[in-house]
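In listed order, ligands and their atoms are each counted from 1.
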Amino acid sequence: MQGLLKNATMQKVKAKKSLGQHFLTDRNIAKKIVDSLKQDNCKTIVEIGPGTGVLTKMLLQSTKPFFAIEIDQESIDFLKNEFPEKNFLVEGDVLKIDFSQFDAPLAIIGNFPYYISSQIFFKALENKNAVNELVCMIQKEVAQRIASPPGNKTYGILSVLLQTYFDIEYLFTVHEHCFSPAPKVKSAVIRLKRNNRENLNCDEKLFFRVVKQSFNQRRKTLRNSLKNICLNLDGQSEMLAKRPEQLSVDEFIELTAAIETSNQKTM
Ligand code: SAH
């Protein structure tokens with residue numbers, strides 16, 4: 001009777017497309033994802049989008065402080081019911097949550113809501129000095145883009161910016177049958193590990209601007225794309241003749257530093 005009651009109150013969460021809800025149903029994959037989080041040198045584990053808790057259940061076994069950020073009221077109610085003795089939920093929009101409330105260094109994990117995965121990565125970049133490690137499942141194409149080396153068509157803004165501060169590993173691909181409901185796209189799990197880069201030796205805001213603007217018109221040479229940023233284009237003719245996908249992270253940094261110096265001289 002008690003079991004029946006429990007089942008009656010614990011209705012399954014109805015998946016909402018608008019929140020990117022595709023619940024992972026394969027426990028072996030869930031374990032593989034959780035095991036991919038090394039947790040070295042981190043103080044707090046933060047899960048993004050716990051949903052019905054397939055990763056959460058395993059993460060709660062950790063001895064480290066653990067929090068999970070969820071926006072969906074139905075999932076929140078479900079998780080509170082499933083893990084009544086634990087107090088780990090941070091209710092709200094991950095993009096609006098202040099990450100400084102968590103004790104850094106952080107290890108972030110999640111099967112990300114795909115519709116905002118790029119914005120979550122930009123949030124990780126904003127908090128890069130607090131984020132030690134990030135393991136996530138995202139759309140396969142996005143994972144490939146982020147892990148892509150220069151010279152590749154898929155190399156873009158997020159590849160350069162994330163590779164500047166993180167070492168990136170493409171871990172494995174996940175078939176759509178492993179979810180309910182199945183997403184239309186293939187998925188993949190990647191790991192980002194904060195590297196040692198603290199200081200870029202150039203203005204960071206300008207660096208972000210140079211990278212974004214270079215790729216906004218990726219078929220143009222940098223000389224054309226960066227006209228309004230570089231006041232004097234004479235010094236760096238070799239690099240400026242290239243297209244953005246041909247530049248490594250170090251070259252983007254070098255170019256930004258050169259632009260900064262020459263702009264200072266021109267002004
Ligand atoms: N981790 C679960 C669910 C993944 S689906 C599993 O693997 O089965 C993505 C999850 O992100 C859903 O729970 C969804 O409600 C949540 N989500 C969507 N948008 C969010 C946002 N802006 N902030 C926090 N969580 C969000």
With heavy atoms under 4.0 Å as the rule, classify the contact between Pro50 and ligand 1 as side chain, backbone, both or neither. backbone
Check whether any heavy atom of Tyr115 sits under 4.0 Å from an atom of ligand 1. yes
Does Phe121 have Lys128 sitting over its ring (NZ/CZ under 6.0 Å from centre, angle to axis within 45°)? no
Is the closest side-chain donor-acceptor distance between Gln213 and Asn228 under 3.5 Å? yes
Proximal ligand 1 atoms for Asp72, defined as those under 4.0 Å from one of its heavy atoms: 15 (O)
So that I know where these two stand, are Phe88 and Phe67 an aromatic pair - ring centroids less than 6.0 Å apart? no
Nearest-contact summary for atom 22 (N) of ligand 1 - protein heavy atom, Å: Asp93 OD1, 2.9 Å
Below 4.0 Å from ligand 1: does a non-hydrogen atom of Val54 turn up there or not? yes
Specify the protein heavy atom at minimum distance from atom 18 (C) of ligand 1: its residue, its atom name, and the distance to 0.1 Å. Leu19 O, 3.1 Å
Validate the cation-pi geometry between Lys32 and Phe172: distance from NZ or CZ to the six-membered ring centre under 6.0 Å, angle to the ring axis within 45°. yes
side-chain hydrogen bond (donor to acceptor under 3.5 Å, both in side chains) with Asp98: which residues, sequence neighbours excluded? Ser100
What is the nearest protein non-hydrogen atom to atom 15 (O) of ligand 1, stated with its residue, atom name and distance? Glu70 OE2, 2.6 Å
Is Leu55 close enough to touch ligand 1? Criterion: a residue heavy atom under 4.0 Å from a ligand atom. no
Under 4.0 angstrom from ligand 1, any heavy atom of Gly92? yes
List for me each residue that meets side-chain hydrogen bond (donor to acceptor under 3.5 Å, both in side chains) alongside Ser187, sequence neighbours excluded, and say none if there are none. Tyr114
Is the shortest distance from a heavy atom of Thr52 to ligand 1 less than 4.0 Å? no
Provide, to 0.1 Å, the distance between atom 12 (C) of ligand 1 and the closest protein heavy atom, together with that atom's residue and name. Gln21 CG, 3.6 Å
Just to be sure I'm reading this right: ignoring hydrogens, which of Pro113, Gly49, Gly20 gets closest to atom 5 (S) of ligand 1? Compare them by their nearest heavy atoms. Gly20
If you count the atoms of ligand 1 from 1 in the order shown, which ones are under 4.0 Å from a heavy atom of His22? 4 (C), 5 (S)
For a quick test of reading the model, state the closest non-hydrogen atom pair linking Gln39 to Lys64 and the distance between them. O-NZ, 3.0 Å
Please list, in number order, the atoms of ligand 1 under 4.0 Å from a heavy atom of Ile116. 21 (C), 22 (N)
Can you tell which of Ile116, Val46, Ile108 makes a side chain to side chain contact (heavy atoms under 4.5 Å, CB included) with Val94? Ile116
For atom 20 (C) of ligand 1, which protein heavy atom lies nearest, and how many Å away is it? Ile71 CG2, 3.4 Å
What residue and atom, counting heavy atoms only, is the protein's closest point to atom 4 (C) of ligand 1, and at what distance? Asn111 O, 3.5 Å
Checking a contact table here: which protein heavy atom is nearest atom 8 (O) of ligand 1, and how many Å away? Leu24 N, 2.9 Å
With atoms numbered from 1 as shown, which atoms in ligand 1 lie under 4.0 angstrom from a non-hydrogen atom of Phe23? 3 (C), 8 (O)
Under a plain distance cut-off of 3.5 Å, with no hydrogens placed, do Asn152 and Thr154 share a side-chain donor-acceptor pair? yes
